[in-house]
Amino acid sequence: MIPDDWRQGEIAIIGLGRSGAAATRFLSKRGLSIYASDSASSAQQSAAAESVTDPRVTVELGGHDLQRIRNAALVVCSPGVPLDAAPLVAARGAGVEIFAELDLAAMFLDDTNLIVVTGTNGKTTTTALIQRILTEGGVFAEVAGNIGRPLIEIAEAGVRPEWVVVEASSFQLHDARHLRPRIGVVTNLSPDHLDRYASAAEYYDDKRRLFHKASEDSTWILNGDDPEVLSLVEGVPGQRRLWSLEQQADAWYDDIRKCLELEKDNLLERNHLALMGDHNVSNALAAALAASAVGVERSAIARGLRSFAPLPHRLEPISVVGGVTWINDSKATNVASVSVALAAMDRRFSLVAGGRPKGESFVRLGELLRQQCTGVAAYGEARSTIEEQIGQYVTVRSVLNFEEAVHCARAMVRNGEAVLLSPGCSSFDQFANYEHRGESFRQLAKAK
């Protein structure tokens with residue numbers, strides 16, 4: 001049901017990426033007048049604009065009409081729009097209510113069960129794992145949110161799934177006041193996006209918005225090894241279920257027996273999980289707990305975990321060429337993600353790192369690199385910072401171009417070793433996104 005006051009003026013949609021375009025389609029089909037704008041005018045935005053043929057929709061690319069936004073009935077904001085962007089500042093100044101696309105969708109999905117997954121790292125893998133296990137258990141489940149498909153498209157679908165597993169970034173949670181997950185999952189927390197947030201505390205505050213509509217009926221699946229996660233839920237109503245790699249919990253890893261355990265029962269032997277690194281054991285335990293909360297049987301949970309293959313760009317082994325293994329971890333856009341990747345490596349390797357820095361220090365990687373890394377090829381805008389901060393621990397070759405960095409990294413390893421792309425930075429200095437960067441790495445690996 002569309003609120004009456006939404007029909008009293010235009011809906012302003014800021015950003016015409018996937019989320020903004022989907023919100024535009026959804027609202028225009030319900031007879032609303034829309035002003036959609038984007039500061040960019042790339043091929044993606046142009047294609048989105050051309051796909052809108054409804055005469056009630058006005059599209060502006062390459063800028064925003066701030067007065068029109070001030071006069072809007074409400075604003076729907078895409079997650080990629082910075083919080084201090086001029087159109088959002090104008091909307092707040094005029095007292096116009098701002099909705100995240102995720103929140104808009106939640107308003108129209110009151111009768112759909114949502115599992116919302118957030119955290120700093122591991123969100124996408126955990127989201128996909130949960131959906132895979134639910135499907136294995138006979139539950140009609142789909143994924144949406146930051147994983148690729150806007151949640152508003154689920155609201156548009158004629159036949160809705162029983163459960164939707166939603167990956168939610170901090171950006172998506174910022175203006176999500178109506179989001180009410182039946183089950184919420186927090187994978188881990190560490191400072192991130194400090195190029196967008198003034199402090200880690202401000203970033204954590206957006207993560208805390210996951211619990212805004214918490215009730216006694218809510219179930220929270222939490223990383224019991226992460227003090228920041230446990231601190232985040234202090235005073236939040238609902239049932240808490242913890243997983244751990246360090247001690248017995250509702251789900252935990254038995255390092256002696258090399259088994260994943262669920263509620264004191266053996267669930268899966270570690271060597272049956274086709275994912276690298278302890279962090280992926282953690283993701284699997286989180287997914288198992290979430291599926292158990294839905295009611296999926298243990299045997300189906302184990303089958304789902306056993307059949308799950310690595311996702312693209314997330315510690316993905318892509319080829320072995322000339323005895324060298326190429327591993328694509330392009331999704332590692334922060335230093336914490338790189339730390340996880342380094343800890344997962346089981347052989348000597350060279351590292352490709354760099355891109356556009358996000359305000360983090362690389363110093364914490366030094367000791368991890370000293371152990372097995374044969375050298376680092378640092379590229380892009382972050383190259384000088386990386387060389388300055390970790391050069392005392394490992395050999396660093398500083399180059400401007402990504403392709404040159406990959407060539408340098410290959411020259412640093414021998415037969416039986418690996419080249420790891422785990423950049424620790426955003427991709428936007430030389431690529432459209434991290435997927436584009438990962439695909440470029442894949443093609444360069446094939447050419448070796």
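- At a cut-off of 3.5 Å, with distance as the only test, no side-chain donor of Asp206 or Ser170 sits close to an acceptor on the other residue.
- Between Glu142 and Arg149 there is a salt bridge, since a side-chain N of the basic residue sits under 4.0 Å from a carboxylate O of the acidic one.
- Taking the centre of each ring, Trp6 and Phe99 come in below the 6.0 Å mark.
- In this structure, Asp111 pairs ionically with Arg160, as a charged nitrogen and a carboxylate oxygen lie closer than 4.0 Å.
- With a 6.0 Å cutoff to the six-membered ring centre and a 45° limit on the axis angle, Arg30 counts as a cation-pi contact of Phe26.
- Contact check on Arg132 versus Glu136 returns a salt bridge, with a Lys/Arg side-chain nitrogen under 4.0 Å from an Asp/Glu carboxylate oxygen.
- For the residue pair Glu60/Tyr35, the side-chain donor-acceptor check at 3.5 Å is satisfied.
- Aromatic ring centres of Phe441 and Trp326 lie closer together than 6.0 Å.
- Between Ala418 and Ile327 the shortest heavy-atom distance is CB-CD1, 4.3 Å.
- For the 3.5 Å distance criterion, the side chains of Glu167 and Thr124 qualify, holding a donor opposite an acceptor.
- Considering Asp429, Asp192, Asp195 in turn, Asp192 is the only one that fulfils the salt bridge (charged side-chain N to carboxylate O under 4.0 Å, His left out) rule with Lys358.
- Inspection of the Thr127 and Gln131 side chains reveals no N or O donor paired with an N or O acceptor under 3.5 Å.
- Residues Leu189 and Thr120 come closest through the heavy atom pair CA-OG1, 3.4 Å.
- Side-chain polar atoms of Asn433 and Ser427 form no donor-acceptor pair below 3.5 angstrom.
- Ion pairing between Asp329 and Lys331 fails under the 4.0 Å rule for side-chain N and carboxylate O.
- Of all the heavy atoms in Gly145 and Val166, the pair that sits closest is CA-CG1, 4.2 Å.
- The pair Glu153-Arg25 meets the salt-bridge criterion, with a side-chain N (NZ, NE, NH1 or NH2) lying under 4.0 Å from an Asp/Glu carboxylate O.
- Arg196 forms no cation-pi arrangement with Tyr203, by the criterion of a distance under 6.0 Å to the ring centre and an angle within 45° of the ring axis.
- For the 3.5 Å distance criterion, the side chains of Glu101 and Ser19 qualify, holding a donor opposite an acceptor.
- Counted by atom type alone, Arg437 and Ser330 present one or more donor-acceptor pairs between their side chains at under 3.5 Å.
- Side-chain contact of Lys207 with Thr118: a donor-acceptor pair under 3.5 Å is present, judged by distance alone.
- With respect to Arg442 and Glu316, a salt bridge is recorded, a charged nitrogen being found less than 4.0 Å from a carboxylate O.
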